Amino acid sequence: MKTVYLIYPKKVGTIAPEIYGHFSEHIGGVFYDGLWVGKDSSIPNIDGFRKDLIEKLKAINPPVLRWPGGCFAETYDWRDGIGKDRPVRRNWWTPNDKRQEDNSVGTHEFVRLCELIGAKPYFAANMTATTPLHIRNWMDYCLSAQGSTTLAKEREENGSPDPFDIPFWGVGNENWGGGGNMRPEYYADEYRRYATLMDNVSQTAELFVCGSNADDYNWTHGVMQGIAGSWSRTNGFAMHYYCGYAGDVTAFTEDEWDQQLVQANKMEEIIKRNWAIISAHNMQDKCKLVVDEWGCWHPDGSGPSKGYNLFEQQSTMRDGMVAALTLNIFNNHCDKVKMANVAQLVNNLHCLFLAGGENMIVTPTYHVFDLYKDHQGADCIESIVTDNDTLNSSLSVSASVKDGKTLVTIANLSCREDIDFELAAAGMTLPASAKAKLLYNEDMHAHNSFENPDAVKVTDLDLDLSKPVMIPKTAVMAITF
Ligand code: AHR
């Protein structure tokens, strides 16, 4: 029997809502046939965006949406996506040359999407293939007051007199790889060039420096060395960690279930070690972590498009469990992590939605974001799991308090045993009963499909807290009181 012990007086920090952020790239089927069906489509849409998906997404309170990539951002010219006559470009990130980028979705359409779902836009600026001036001009186009500059007037002619609110700007993407294959010292100098000009347009927009690929701490050290100091115009360290795959996406073994979660759990070590290096350069106040790509990365071809959409993959309870574990880690390190963006939203890596033609379904990961959404903006309190029987706990837990309401999210990482636990607390008298939601399917391989859209779903529970609570193996539980 385990005890989940909630320590109310020990506040870790406030959980930034942006930790529950998302990522949408012009890659595979994320936009075209995913989010975007076009205004003239017979599929119900709002200004071209798939209506049922918009409604579902809005329901989980998405705080921020990153765009247009990813690697695509490093080939993107923002001028292609404004005005009436938009060019068609090659997009390497769509397979088989079957679909080029026709730029149907550009700056105005993306900002509209963010309005529809209630999210703040986060733009990733191209620093591999453009100039600081070109990105400064994009900021001018988006942020300048009505009529104040020629670019603001062009924005108005394109239908948006009021400036857009784009609070977050990434300066490059994966510049250690697809974004120019730069060395950290070189990137840091380039970052200084771009950030100096971007700061000309806005002193309040947050600028994120390209962070490490997973545990490449050499990158972290080199970049911090290059940008630390009195100038340091930066507001976040945008690192990526994908926990890869273990076995087949839907037909994995118990050992592969474990292996996937071990890989996912490495997120905690990467957060701690990057934070140690940032702090060693005295940059902890300016450079909190922005984990702007994270998730599983299975071989593609298992989604409904059967390989037509690059990186599209099915998503089982195991992927939902990775999401639950990762979000608990972010909550418990909310003093270090200010934003995170699961990759990606639709028809791609660790997605929340699969969509095509008339069909649209949610994945187990969507349900996890739903169960966890009230952590956004809440105070995280310390939680520990004690156990008299074993050394290691297979319960992942985080807990938060907002407006006097406690939310405890518990994931049973074991695929072998149901677990009994009791809730106990310091600094608070727990109530005798509580409401709970349970994400569970007795088959750990369970996933939703166009044919069976509700194979994995959430059930409501009433818990008697005076007795031990049982969480089934592979289940995620959200308790509120
Ligand atoms: O999310 C898919 C790709 O993964 C992104 O384009 C890139 O940033 C990362 O390598």
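Below, each value reflects all heavy atoms present in this structure, side chains not excepted, and no hydrogens, waters or symmetry copies. FYI, the numbering just counts along the sequence from 1. Just follow the structure's listing: the first ligand is 1, and inside any ligand the first atom is 1. All values derive from a computational prediction rather than experimental measurement.
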(message) What I want to find out is whether E358 reaches R50 closely enough, with some N-O distance under 4.0 Å, to be called a salt bridge.
(response)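 Salt bridge between E358 and R50, a charged N being under 4.0 Å from a carboxylate O: no.
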(request) Could you walk me through whether E190 and R193 pass salt bridge (Lys or Arg N to Asp or Glu O under 4.0 Å), step by step? (result) CA-CA 5 Å; E190 283 293 293; R193 230 159 61 94; 3.2 Å; yes
On the 0 to 90° scale, with breaks at 30° and 60°, tag the [X]-[Y] ring pair as parallel, tilted or perpendicular.
X	Y	answer
F311	W93	tilted
Y372	H375	perpendicular
F369	H22	tilted

(message) Under 4.0 Å, heavy-atom basis, I'd like to know which part of Y242 is in contact with ligand 1: side chain, backbone, both or neither.
(response) side chain
(request) Under 4.0 Å, heavy atoms only, figure out whether ligand 1 is touched by the backbone of W297, its side chain, both or neither. (result)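 The side chain, only.
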As an exercise, identify every atom of ligand 1 less than 4.0 angstrom from a heavy atom of [X].
X	answer
N173	8 (O)
E25	1 (O), 2 (C), 5 (C), 6 (O)
L349	1 (O), 2 (C)
G70	5 (C), 6 (O), 8 (O)
E174	7 (C), 8 (O), 9 (C), 10 (O)
Q344	1 (O), 2 (C)

(message) Can you confirm whether or not the ring centre of Y242 sits under 6.0 Å from the ring centre of H350?
(response)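 No; H350 has its ring centre 6.0 Å or more from that of Y242.
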(request) Would you verify whether the NZ or CZ of R318 falls within 45 degrees of the ring axis of F252 while also being under 6.0 Å from that six-membered ring's centre? (result) yes
(message) My understanding is that we take every heavy atom of each candidate and find the minimum distance to atom 3 (C) of ligand 1. Doing that for H26, E293, E74, which one comes out nearest?
(response) E293
